[in-house]
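Reviewing the structure listed below.
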There are 2 protein chains.
Amino acid sequence: MTVPEQRLQEALTTLKESGVRITPQRHAVLEYLMQSMKHPTADEIYKALEDKFPNMSVATVYNNLRVFLDIGLVRELTYGDSSSRFDCNTSDHYHIICDECGKIVDFHYPSLNEVEQLAEQVTGFDVSNHRLEVYGTCENCQQMAKH
Amino acid sequence: MTVPEQRLQEALTTLKESGVRITPQRHAVLEYLMQSMKHPTADEIYKALEDKFPNMSVATVYNNLRVFLDIGLVRELTYGDSSSRFDCNTSDHYHIICDECGKIVDFHYPSLNEVEQLAEQVTGFDVSNHRLEVYGTCENCQQMAKH
DNA sequence: TCTTACATTAGAATGCTTATAATTTAGTTT
DNA sequence: AAACTAAATTATAAGCATTCTAATGTAAGA
Ligand SMILES: [Mn+2]
Ligand SMILES: [Mn+2]
Ligand SMILES: [Zn+2]
Ligand SMILES: [Zn+2]
């Protein structure tokens, strides 16, 4: 069994344990998320499944994403100007985003505890977490720029 | 002359040098931004000025914020679920945000160059910048929680 | 004072997301 | 296997922040 398939099975088990029904649409959204490496938007998921489910409502995609978020199966990535993206990799990792094409790539870095501690001291906040994104130009877009 | 007044004068000079006309509405939006410490939204600016300018359009606020952004007089802060916030402090600094009340507070920390360098090595991106926000509970909301 | 390119205005339009209400169905109970 | 029912899906409307449009107004130079 491939890694995405295994993650899908685990996710289905988690859903059942939470008393959530497994519908064909829900299964398809989950399957697409698990197999996708590209942090898709709700609309990308909707469009990717419209051949298989021509009558599926976009609300169903949103409803299911909400269910998955609440159970902790996916993470929501929010940026300013456009729509949310969804990440089925819930392990601790950061993202680097291409300014040109919008591609989002995972990268790992030891968590920035010193920053959280300093922020706590300086501001008096009780710190819970942080977000960090790095921006730049991906290798593809660097190549494109050369020609 | 206070610091906000001085920043306002400098900003007006920058605008004039860029060939941008100084209208009463533009002046008021800029003045409000410079004197505000709270990273206001477009709507907050609009509402704060509606006594002085009862006929001002919300589009005027957005138009002017766009002009200020293009010239580099303000920074736009974007978060997932709600509207953009605007920061007239364009110097290098980070933000810490209260999960309870949404308050945004500045804090300074040496720029995270090692993170940018590692991301560059690992992903092959040509890195340009990064964003970092810390989240937690502000002192006020900590007090409230105790009672 | 005259002129005009730029700015403002009201309102319509857009794009993403959520709400509503009717219909269908997954999973349990008989 | 059939019936039941709470949950899920659907189509559509609504909400909200932001941008667009086209008519009107005005800042600043000539
Ligand atoms: Mn990821
Ligand atoms: Mn700030
Ligand atoms: Zn790229
Ligand atoms: Zn607070």
Side-chain angles (χ1 to χ4, degrees), chain A residues 11-32 39-71 73-86 102, chain B residues 11-32 39-71 73-86 102:
Chain A
L12 287 170
T13 304
T14 307
L15 283 173
K16 280 177 193 154
E17 282 169 356
S18 307
V20 174
R21 292 183 184 168
I22 311 301
T23 65
Q25 295 90 335
R26 179 164 287 157
H27 188 283
V29 172
L30 191 58
E31 186 176 37
Y32 182 81
H39 307 86
T41 64
D43 198 58
E44 281 167 3
I45 299 170
Y46 175 65
K47 286 195 164 53
L49 299 179
E50 71 181 354
D51 282 346
K52 229 177 177 178
F53 295 90
N55 295 316
M56 184 165 66
S57 169
V58 69
T60 298
V61 177
Y62 279 103
N63 288 343
N64 280 308
L65 288 170
R66 169 68 50 84
V67 169
F68 302 156
L69 283 171
D70 289 348
I71 301 187
L73 290 176
V74 301
R75 269 168 64 184
E76 186 174 6
L77 310 177
T78 58
Y79 305 107
D81 40 350
S82 70
S83 38
S84 284
R85 297 187 161 273
F86 296 89
Chain B
L12 288 170
T13 304
T14 307
L15 283 172
K16 280 178 193 155
E17 282 169 356
S18 308
V20 175
R21 293 181 183 168
I22 310 300
T23 66
Q25 295 90 335
R26 180 164 287 160
H27 188 282
V29 172
L30 191 58
E31 185 177 38
Y32 182 79
H39 309 86
T41 64
D43 197 59
E44 281 168 2
I45 299 170
Y46 175 66
K47 286 193 163 55
L49 299 179
E50 71 180 354
D51 282 347
K52 228 177 176 179
F53 296 90
N55 296 317
M56 184 166 67
S57 169
V58 69
T60 298
V61 176
Y62 280 103
N63 289 343
N64 280 308
L65 288 169
R66 168 69 50 86
V67 170
F68 301 156
L69 282 170
D70 289 348
I71 300 185
L73 290 177
V74 301
R75 268 169 64 186
E76 185 174 6
L77 310 177
T78 58
Y79 305 107
D81 40 349
S82 71
S83 38
S84 284
R85 298 188 160 273
F86 297 88

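Reminder, nothing fancy here: chain letters follow the sequence lines and each chain counts from 1. Only heavy atoms go into these numbers, but all of them, side chains included; no hydrogens, no water, no symmetry mates.
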Looking at every non-hydrogen atom in both residues, tell me the closest pair between [X] and [Y] and how far apart they are.
{"X": "A:Arg85", "Y": "A:His39", "value": "NH1-O, 2.7 Å"}
{"X": "B:Phe86", "Y": "B:Ala42", "value": "CE1-N, 4.1 Å"}
{"X": "B:Leu69", "Y": "B:Arg75", "value": "CD2-C, 3.9 Å"}
{"X": "A:Pro24", "Y": "A:Phe53", "value": "O-CZ, 3.6 Å"}

OP1 or OP2 of [N] sitting under 4.0 Å from any side-chain N/O of [X]?
{"X": "A:Thr60", "N": "D:dT10", "answer": "yes"}
{"X": "A:Ser84", "N": "C:dT17", "answer": "yes"}
{"X": "A:Tyr62", "N": "C:dT18", "answer": "no"}
{"X": "B:Arg66", "N": "D:dT18", "answer": "no"}

Whole angstrom value for the distance that separates [atom2] of [N] from [atom1] of [X]:
{"X": "B:Asp70", "N": "C:dC6", "atom1": "CG", "atom2": "P", "result": "15 Å"}
{"X": "B:Glu44", "N": "D:dA17", "atom1": "CD", "atom2": "C1'", "result": "13 Å"}
{"X": "B:His27", "N": "C:dT8", "atom1": "NE2", "atom2": "P", "result": "13 Å"}
{"X": "A:Glu50", "N": "D:dT10", "atom1": "CD", "atom2": "C1'", "result": "16 Å"}
{"X": "A:Leu15", "N": "D:dA7", "atom1": "CG", "atom2": "C1'", "result": "14 Å"}
{"X": "A:Phe53", "N": "D:dT10", "atom1": "CZ", "atom2": "P", "result": "9 Å"}
{"X": "B:Ile45", "N": "D:dA17", "atom1": "CD1", "atom2": "C1'", "result": "14 Å"}
{"X": "B:Asn55", "N": "C:dA7", "atom1": "CG", "atom2": "C1'", "result": "15 Å"}

Classify B:Asp43 by what it touches in the nucleic acid, base, sugar-phosphate, or nothing, heavy-atom distance under 4.0 Å. nothing
Which part of the nucleic acid, if any, lies within contact of A:Thr41, taking any heavy atom under 4.0 Å across all strands shown: a base, the sugar-phosphate backbone alone, or nothing? nothing
Looking only at C:dT17, D:dT9, C:dT8, the nucleotide nearest the B:Asn64 side chain is C:dT8
What parts of residues 17-25 of chain B reach DNA chain C, counting only heavy atoms under 4.0 Å away? B:Val20, B:Arg21, B:Thr23, B:Gln25
Taking the side chain as everything from C-beta on, heavy atoms only, tell me whether [X] gets closer than 4.5 Å to [Y].
{"X": "B:Leu12", "Y": "B:His27", "value": "yes"}
{"X": "A:Leu15", "Y": "A:Ile22", "value": "yes"}
{"X": "A:Asn64", "Y": "A:Leu30", "value": "no"}

When you match B:Asn63 and B:Lys16 each to their closest nucleotide on DNA chain D, which lands nearer the 5' end? B:Asn63
